[in-house]
Amino acid sequence: MQTVPGPPPLPSRASAPICCLDLDTFFVSVERILDPSLVGKPVVVGAAPGQRGVVTACSYEVRALGVRSGMAIRDAVKLAPDAVYLPTRHGIYGPWARRVRAVLERHCPVVRTASIDEFFLDFRGCERLYARPEEQDGDAVIVRVVREMREAIQADVGLPASAGLGATRAVAKMASGRAKPAGVVQVRRGEERAFAAALPVRKYPGIGPKAEERLTRAGVATLGELLARRGSPGWLGEAAAMVAHGLDGPVPDLGDDRTAFHELDTAGDAEGSLSNERTFFADVARRDQVEAALLALVERVAWRARSRGVRARTVALKLRYADFDTLTRQHAVPATHDERTLWAAVRELLDKAWRRPKAVRLLGVQLSRLVAPGPQLSLPLPEARPAPGAALDAVRARFGYDAVRLGTVARRREA
DNA sequence: TCTGGGGTCCTAGGACCC
DNA sequence: TCTGGGGTCCTAGGACCC
């Protein structure tokens with residue numbers, strides 16, 4: 001009798017197929033590629049020392065001294081006076097993130113961009129595609145693939161990354177935090193509570209400073225203690241249920257769950273918002289100076305809207321006073337991206353919000369309820385004059401945003 | 001000279017319409 | 001003369017994330 005070898009057995013289905021991949025100290029890593037002399041040195045990306053601002057990214061050498069992102073630059077300088085301080089160069093990091101995304105797409109069919117340095121991937125069903133004949137554990141297959149992917153990002157793009165794997169996004173995200181730097185951690189189904197029990201509540205995505213404080217007052221410090229409060233009445237019980245669901249709830253479909261995925265699927269009816277804001281180097285009390293700065297913000301945000309081909313149906317003004325008191329005023333408008341229209345609206349909002357005795361620290365302009373012009377709007381509505389925006393945009397498309405400023409902005413800036 | 005800048009989502013009250 | 005709900009839009013503020 002002869003035994004015919006059957007086909008190799010299929011691997012088991014992975015229990016933890018959702019991956020959170022994030023880039024380690026992303027802005028610092030990019031700056032190090034552009035200037036290799038920074039490798040190994042303590043580096044802080046943010047504002048220049050002496051300026052108003054916070055740490056947007058910092059290297060592990062600096063973290064060892066206690067520096068954290070979000071910290072005031074002032075405080076960082078006290079902890080790490082000898083670090084290299086670099087300004088955040090908005091705009092240069094995007095292309096690097098896109099190169100990373102291209103690598104991810106070679107390894108996984110479902111990739112979602114959560115932020116400039118963070119991605120979620122869904123490996124469900126990939127075990128069989130990727131398994132080698134001798135591999136029978138689906139979870140192990142996915143871990144191997146993610147390791148290879150992480151190494152490919154390092155080799156092809158030059159950026160260090162970490163990855164977490166879990167059955168839900170919350171677990172994957174917490175696992176990626178544990179994987180840093182440059183590691184891969186998987187939390188299999190059934191292991192979630194053991195993994196989370198000792199973690200501070202703040203580690204759970206969605207629990208921020210305010211919720212943490214409330215929980216502390218309720219005597220809850222860890223996720224394990226929070227889970228033990230399931231069934232409690234009111235807010236505490238709801239928070240416990242939310243965390244339980246995030247830990248062992250059903251495996252989510254990344255496409256269905258829009259939270260944290262602001263980037264995609266916005267074709268057509270757009271939505272979302274666009275804003276620009278600026279903190280003054282020194283607080284400003286004079287109305288004319290406030291208006292000059294506001295006009296510059298309107299100009300910039302309007303240009304971004306036109307570049308994206310969207311119009312706003314709501315315009316908002318944001319004012320932050322020297323004492324950090326912050327207010328917003330908004331107004332619904334017929335869909336527009338014309339800076340004269342937007343400026344008129346913003347000035348009315350300023351009239352409504354203006355309070356004389358308080359100096360202003362920050363100004364912001366936000367466009368929201370965005371719409372991409374449908375076919376009906378693209379009919380050539382007769383405009384009284386061609387919008388000045390069009391001519392400016394053409395110049396900027398070739399020479400960059402700062403190549404042209406509105407006369408008023410330029411003049412006021414000289415003053 | 002504490003506390004950036006870009007976003008998302010949620011809540012809650014009032015206006016207005018049916 | 002007194003008193004409904006439900007739905008939607010608008011506005012203001014706040015929590016959270018990177």
Side-chain angles (χ1 to χ4, degrees), chain A residues 20-28 44-58 68-79 87-91 93-94 97 113-120 169-170 173 176-177 201-215 235 238-239 242 257-266 271-283 297 300-301 304 308 313-333 345 349 352-353 359 361-370:
Chain A
C20 173
L21 182 129
D22 62 51
L23 299 164
D24 300 337
T25 67
F26 177 47
F27 292 0
V28 171
V44 174
V45 176
Q51 281 188 350
R52 284 176 157 176
V54 299
V55 175
T56 39
C58 58
R68 296 287 179 272
S69 63
M71 187 182 243
I73 284 288
R74 251 173 76 92
D75 299 336
V77 171
K78 283 185 205 147
L79 294 168
T88 312
R89 296 195 276 170
H90 292 109
Y93 311 109
T113 300
S115 74
I116 194 158
D117 64 352
E118 185 175 278
F119 305 86
F120 284 93
R169 286 188 311 165
K173 178 150 177 54
S176 86
V201 289
R202 187 69 168 77
K203 295 284 181 189
Y204 188 86
I207 296 184
K210 302 289 178 182
E212 179 187 29
E213 205 194 311
R214 277 178 88 173
L215 288 166
W235 175 80
E238 281 170 34
M242 178 191 79
D257 186 348
R258 296 295 298 272
T259 61
F261 302 123
H262 21 278
E263 186 232 16
L264 294 182
D265 312 289
T266 45
E271 276 311 317
S273 69
L274 275 176
S275 65
N276 279 95
E277 54 187 62
R278 194 63 55 201
T279 297
F280 289 111
F281 293 120
D283 301 336
L297 288 170
R300 179 172 288 266
V301 81
R304 288 176 64 206
R308 256 205 230 185
R313 289 186 298 143
T314 298
V315 191
L317 164 72
K318 177 169 167 183
L319 274 182
R320 171 123 76 208
Y321 294 103
D323 62 5
F324 234 69
D325 195 16
T326 306
L327 66 77
T328 61
R329 292 291 176 269
Q330 58 176 343
H331 189 55
V333 294
L349 292 171
K352 205 154 64 154
R361 173 191 180 87
L362 168 147
L363 290 170
V365 176
Q366 184 202 46
L367 307 183
S368 60
R369 295 203 307 144
L370 303 178

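Reckoned from all heavy atoms, side chains included, excluding hydrogens, waters and symmetry mates. Chain A is the first sequence line, chain B the second, and so forth, proteins listed ahead of strands; every chain is numbered from 1.
The distance from atom CZ of A/R300 to atom CD of A/E277, rounded to the nearest 0.5 Å, is 13.0 Å. One distance of note links CZ of A/F120 with OG1 of A/T113; it measures 11.0 Å at 0.5 Å rounding. A/K352 NZ to A/Q330 CD: the interatomic distance, rounded to the nearest 0.5 Å, is 9.0 Å. Note that CG of A/L362 and CZ of A/R278 are 9.0 Å apart. Values are rounded to the nearest 0.5 Å.
Distance, A/F280 CZ to B/dT3 C1': 17 Å, rounded to whole Å. At whole-Å resolution of the value, CD in A/E213 and P in C/dA15 are 10 Å apart. Residue A/L21 contributes atom CG, which lies 15 Å from atom C1' of C/dC18 at whole-angstrom precision. A/W235 has its CH2 atom 16 Å from the C1' atom of B/dT11, to the nearest Å. Computed from coordinates, the A/D24 CG to C/dC18 C1' distance equals 14 Å when rounded to whole Å. Across the protein-nucleic acid pair, A/F27 atom CZ and B/dG4 atom P stand 16 Å apart, rounded to whole Å. The nearest whole Å value for the distance from the CZ atom in A/R300 to the C1' atom in B/dG6 is 13 Å. Rounded to an integer number of Å, the gap from CG of A/L23 to P of C/dC18 is 13 Å.
Backbone-only contact: A/I207 has heavy atoms under 4.0 Å from sugar-phosphate atoms and none from a base. Backbone-only contact: A/R202 has heavy atoms under 4.0 Å from sugar-phosphate atoms and none from a base. Base contact: A/G50 has a heavy atom under 4.0 Å from a base atom. Contact annotation for A/T56: base contact, defined as any heavy-atom pair under 4.0 Å involving a base atom.
No donor-acceptor pair closer than 3.5 Å links the side chain of A/R52 to the backbone N or O of A/T279. Under a 3.5 Å cut-off, the side chain of A/R320 and the backbone N or O of A/T326 do not form any donor-acceptor pair. A donor-acceptor pair under 3.5 Å links the side-chain atoms of A/R304 to the main chain of A/S275, judged by distance alone.
In the set C/dC16, C/dC18, B/dG4, C/dC16 carries the atom at the smallest distance from any side-chain atom of A/A211. The side chain of A/E277 has B/dG5 as its nearest neighbour among B/dC2, C/dC18, B/dG5. Listed nucleotides C/dC18, B/dC2, B/dG6 differ in distance to A/R304; the shortest reach to its side chain belongs to B/dG6. Here the side chain of A/D117 is nearest to one of C/dC17, B/dG4, C/dC18, namely C/dC18.
The minimum heavy-atom distance between A/Q51 and A/I73, with the atom names listed, is O-CB, 4.4 Å. Taking each heavy atom of A/E212 and A/V201 in turn, the nearest pair found is CG-CG2, 4.2 Å.
Annotation: of the two residues near DNA chain B, A/G70 and A/F281, the 5′-most nearest-nucleotide partner is A/F281. Each of A/V54 and A/A282 has a nearest nucleotide on DNA chain B; the 5'-most of these lies closest to A/A282.
Put simply, A/R278 has a side-chain N or O that comes within less than 4.0 Å of OP1 or OP2 on B/dG5. Applying the 4.0 Å criterion to OP1 and OP2 of B/dC2, one finds that A/R52 has every side-chain N and O outside that range. Residue A/R329 has a polar side-chain atom (N or O) positioned under 4.0 Å from OP1 or OP2 of C/dG13. An OP1 or OP2 oxygen of B/dG5 is reached within less than 4.0 angstrom by a side-chain nitrogen or oxygen of A/T279. Distances shorter than 4.0 Å separate some side-chain N or O of A/N276 from OP1 or OP2 on B/dG6. Listed pair A/S275 / B/dG6 fails the phosphate criterion, with no side-chain N or O lying under 4.0 Å from OP1 or OP2.
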Report, one pair per line, the protein and nucleotides 7-10 of chain C atoms (nitrogen or oxygen only) whose separation is under 3.5 Å.
{"unit_1": "C/dC10", "atom_1": "OP2", "unit_2": "A/R369", "atom_2": "NH1", "d": "2.6"}
{"unit_1": "C/dC10", "atom_1": "OP2", "unit_2": "A/R369", "atom_2": "NH2", "d": "3.4"}

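The P atoms of C/dC18 and B/dC2 are separated by 28 Å, rounded to the nearest whole Å. Rounded to whole Å, the separation between the C1' atoms of C/dG4 and B/dC16 comes to 16 Å.
Base pairing of C/dC18: its partner is B/dG5, meeting the Watson-Crick or G-U wobble criterion (both donor-acceptor distances under 3.5 Å).
In this structure, A/R89 fails the cation-pi test against A/Y93, since its NZ or CZ atom is not both closer than 6.0 Å to the six-membered ring centre and inside 45 degrees of the ring normal.
For B/dC2, the O4'-C1' to base torsion is within 90° of 0; the nucleotide is therefore syn.
At a threshold of 4.5 Å between non-hydrogen side-chain atoms, the residues A/T56 and A/V44 do not count as touching.
Sparse packing is recorded around CZ of A/R308, with 12 or fewer heavy atoms of other residues, nucleotides or ligands lying under 6.0 Å away.
DNA chain C is contacted by A/L327 of residues 316-327 of chain A, taking any non-hydrogen atom closer than 4.0 Å.
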